[in-house]
Visitor: 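Next up is a structure, given as structure tokens.
For the numbers below, each heavy atom of this structure counts, side chains included, while hydrogens, waters and symmetry mates do not. Note on naming: letters A, B, ... go to the chains in the order of the sequence lines (proteins, then strands), and numbering restarts at 1 for each one. If you're wondering where the values come from, they're calculated on a predicted model, not measured in any experiment.
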Number of protein chains: 2
Amino acid sequence: MVAALVGDPARANMLTALMNGRALTASELAQEAGITPQTASSHLAKLEAGGLVEPEKQGRHRYYRLTDDDVAGVLEGLAGLAARTGHMRVRTGPKDPALRRARICYDHLAGDLGVQMLDTMRERNLVRQKKQDIELTAEGERFLAKHLQISPDMLSHPRRPVCKACLDWSERRHHLAGTLGAAMMQRFAELKWAARDATPGSRVVNFTRTGEKQFAALFGNGKD
Amino acid sequence: MVAALVGDPARANMLTALMNGRALTASELAQEAGITPQTASSHLAKLEAGGLVEPEKQGRHRYYRLTDDDVAGVLEGLAGLAARTGHMRVRTGPKDPALRRARICYDHLAGDLGVQMLDTMRERNLVRQKKQDIELTAEGERFLAKHLQISPDMLSHPRRPVCKACLDWSERRHHLAGTLGAAMMQRFAELKWAARDATPGSRVVNFTRTGEKQFAALFGNGKD
DNA sequence: ACAATGCTTCGGCTACCATCGAAGCATGAA
DNA sequence: TTCATGCTTCGATGGTAGCCGAAGCATTGT
């Protein structure tokens with residue numbers, strides 16, 4: 001059944017990413033859906049078998065596009081039904097998924113992952129938050145020293161707080177700023193977990209595969 | 001996500017069964033999908049939450065129908081996509097013709113003729129209907145007195161309404177219930193226009209030749 | 001030739017969800 | 001009232017499908 005194909009969240013994300021009519025590679029679609037290439041491969045095979053997408057081989061890439069406008073039309077219709085029940089998410093902030101997921105806010109991590117990180121830190125008592133004021137706990141200091149080799153004396157600054165809550169543009173929730181936020185982002189880059197996108201002017205932060213895994217191990221919420 | 005709702009085979013079968021625009025009871029939908037009532041109940045709750053179907057309570061039955069034509073349209077579209085890959089579903093046909101044409105529903109006339117009767121009464125302003133509530137007009141009272149010797153005072157009952165819309169089992173449209181519906185059916189029997197089938201337990205109503213003619217003269221829609 | 005990249009296949013794990021039995025309500029009938 | 005019917009809720013189970021790690025092809029670049 002075709003609907004079952006569209007029903008899976010990962011596949012739905014892929015299809016949505018293809019709704020603009022352009023073709024995307026398997027890897028791009030994997031990133032779009034937030035899954036590994038091998039999982040994406042499995043999904044794409046099913047979508048192809050279901051006649052929803054068709055591949056075009058080009059070198060060592062495989063570009064996928066929606067089969068035709070009929071498919072796009074049905075997807076539109078489904079989105080319309082979803083919108084009526086309020087099950088559709090409201091578009092806030094940037095539309096670029098990569099930008100929504102992880103980006104640079106001044107010098108610290110923002111986007112879904114940034115919000116997720118602070119959420120988890122709060123949940124595990126690594127920090128305590130009162131409104132916009134955040135303070136690092138003793139437990140948090142041990143955590144940072146152990147997993148990220150960050151010591152408290154690296155964070156002191158004459159005019160800047162160690163921790164600060166920063167309202168996230170796309171998520172409309174807080175992520176972590178301050179010298180700690182900056183230090184952690186810097187550490188992620190040094191560990192090759194993540195790097196700013198090469199495109200000039202882009203604020204997108206790309207996580208490596210291992211980086212994403214390591215990050216999820218420390219701050220994951222199980223929803224990815 | 002809406003597509004996930006349609007994606008499940010059991011739910012898909014239910015929705016397909018509702019595609020003709022008629023309403024079905026929860027039990028019938030369960031049988032249609034080949035699952036137990038409790039499983040069907042769970043599915044129907046989800047479909048309702050997703051805005052795909054809406055219920056109508058009638059006695060101890062719960063009739064479900066597709067919310068509107070948009071839903072049907074999207075389902076059509078999905079079926080269209082499915083058809084291209086070769087997997088098409090088959091639709092099971094109806095059943096006993098005599099039962100569908102005329103039968104007893106509690107104590108009043110149901111089936112094709114029952115629906116047809118209410119249709120004509122509504123069309124000729126003998127009754128006015130708002131959803132499930134039906135009221136007899138002055139014109140209707142004159143009509144009943146003249147042609148069926150039924151006077152309004154025969155119809156009053158402490159706990160039962162004079163007119164009530166009852167969802168027809170086979171036609172899935174409303175026919176006339178209440179004390180008036182019962183009185184009319186009784187009158188048909190007294191006039192030897194129709195009689196319940198002799199078979200024990202059968203709900204079939206057999207019309208005589210003259211009865212059929214007389215009935216058609218009063219309530220016919222010209223399609224017979 | 002070798003290495004790097006992109007994608008796929010295979011195997012095992014896990015989580016979710018459809019499913020059903022049993023019991024609980026609600027409505028209508030006797 | 002009591003009983004029967006229709007439907008729902010609860011709890012437990014099992015099958016399935018998504019997911020990833022590791023390894024295998026395929027293509028391109030050096």
Visitor: Output all residues satisfying side-chain hydrogen bond (donor to acceptor under 3.5 Å, both in side chains) with A:Asp8, sequence neighbours left out; order by chain, then residue number.
Guide: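 Not a single residue meets the side-chain hydrogen bond (donor to acceptor under 3.5 Å, both in side chains) criterion with A:Asp8.
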
Visitor: Please enumerate all residues that pass side-chain hydrogen bond (donor to acceptor under 3.5 Å, both in side chains) together with B:Gln31, with sequence neighbours excluded.
Guide: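 If we apply the side-chain hydrogen bond (donor to acceptor under 3.5 Å, both in side chains) test to B:Gln31, skipping adjacent residues, there are no hits.
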
Visitor: Just the rounded figure in Å: distance from P of C:dT9 to CD of A:Gln38.
Guide: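 After rounding, the gap between these two atoms is 12 Å.
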
Visitor: Just jot down the side-chain contact (heavy atoms from CB on, under 4.5 Å) partners of B:Glu54, sequence neighbours excluded, or say none.
Guide: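 side-chain contact (heavy atoms from CB on, under 4.5 Å) list for B:Glu54, sorted by chain: B:Arg65, B:Thr67.
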
Visitor: For C:dT19, take OP1 and OP2 only and decide whether either is under 4.0 Å from a side-chain N or O of B:His43.
Guide: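 Result: yes.
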
Visitor: Whole Å only: how far is the CZ atom of B:Arg62 from the P atom of C:dG28?
Guide: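 Nearest whole value for this atom pair: 14 Å.
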
Visitor: Considering every strand and a 4.0 Å limit on heavy-atom distances, what is the contact class for A:Ser42: base, sugar-phosphate, or nothing?
Guide: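 If one applies the 4.0 Å heavy-atom cut-off, A:Ser42 turns out to touch nothing in the nucleic acid.
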
Visitor: So, using side-chain hydrogen bond (donor to acceptor under 3.5 Å, both in side chains) as the criterion, who are the partners of A:Thr36 when residues are at least two apart?
Guide: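 With neighbours one apart ignored, the set is A:Thr39.
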
Visitor: In whole Å, I'd like the distance from the CD atom of B:Gln31 to the C1' atom of D:dT5.
Guide: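 Distance check: B:Gln31 CD to D:dT5 C1' gives 16 Å.
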
Visitor: Between atom CG in B:Leu47 and atom P in D:dT8, what is the gap in whole Å?
Guide: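 After rounding, the reported distance stands at 12 Å.
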
Visitor: What is the distance, rounded to the nearest whole Å, between atom CD1 of B:Ile35 and atom P of C:dC17?
Guide: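 Going from B:Ile35 (CD1) to C:dC17 (P), I get 16 Å.
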
Visitor: Within the structure shown, what part of the strands sits under 4.0 Å from A:Arg11 by heavy-atom distance: base, sugar-phosphate, or nothing?
Guide: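 Sugar-phosphate, backbone atoms only, no base.
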
Visitor: Nearest-Å distance, OH (A:Tyr63) to P (C:dT8)?
Guide: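 These atoms are roughly 14 Å apart.
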
Visitor: Find every protein N or O atom lying less than 3.5 Å from an N or O atom of nucleotides 24-27 of chain C, and list the pairs.
Guide:
from, atom 1, to, atom 2, distance (Å)
C:dT27, OP1, B:Lys57, NZ, 3.3

Visitor: Quick one: which of C:dA18, D:dT8, C:dT8 gets closest to the side chain of A:Ala26?
Guide: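 Selected nucleotide: C:dT8.
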
Visitor: Taking the side chain of B:Lys46 as heavy atoms from C-beta outward, which of D:dT8, D:dG18, C:dA18 is closest to it?
Guide: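 Between D:dT8, D:dG18, C:dA18, the one nearest the side chain of B:Lys46 would be C:dA18.
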
Visitor: Determine, stepwise, if the pair A:Arg101 / A:Phe207 fulfils side chain to side chain contact (heavy atoms under 4.5 Å, CB included).
Guide: CA-CA 10 Å; A:Arg101 179 158 176 79; A:Phe207 272 70; over 6 Å; no

Visitor: For B:Asp8 and C:dT19, give me the distance from atom CG to atom C1', rounded to whole Å.
Guide: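 Going from CG in B:Asp8 over to C1' in C:dT19 covers 10 Å.
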
Visitor: Can you list the residues that meet the side-chain contact (heavy atoms from CB on, under 4.5 Å) rule with B:Thr208, with sequence neighbours excluded?
Guide: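 Partners of B:Thr208 by the side-chain contact (heavy atoms from CB on, under 4.5 Å) criterion, ordered by chain and then number, come out as B:Thr210.
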
Visitor: Whole angstroms only, please: what is the CG-P distance between A:Leu24 and C:dG6?
Guide: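 Roughly 15 Å, once rounded to whole Å.
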
Visitor: Using the side-chain contact (heavy atoms from CB on, under 4.5 Å) definition, which of the options A:Leu47, A:Leu75, A:Leu52 pairs with A:Leu66?
Guide: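 With A:Leu66 as partner, A:Leu47, A:Leu75, A:Leu52 yield a single side-chain contact (heavy atoms from CB on, under 4.5 Å), made by A:Leu75.
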
Visitor: Can you figure out which of D:dG6, D:dT8, C:dT19 approaches the side chain of B:His61 most closely?
Guide: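 The answer is D:dG6, which lies nearest to the side chain.
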
Visitor: Looking across every strand, which nucleic acid part, if any, lies under 4.0 Å from A:Ala45 by heavy atom: base, sugar-phosphate, or nothing?
Guide: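 Nothing: the residue A:Ala45, judged by heavy atoms under 4.0 Å, touches no strand.
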
Visitor: Examine C:dT8: is either OP1 or OP2 under 4.0 Å from a nitrogen or oxygen in the side chain of A:Ser41? Give yes or no.
Guide: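 Answer yes for this pair, as a side-chain N or O of A:Ser41 is under 4.0 Å from OP1 or OP2.
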
Visitor: Looking at the side chain of B:Thr36, which of C:dT8, C:dT19, C:dC20 is the nearest nucleotide?
Guide: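 Of C:dT8, C:dT19, C:dC20, C:dC20 is nearest to the side chain of B:Thr36.
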
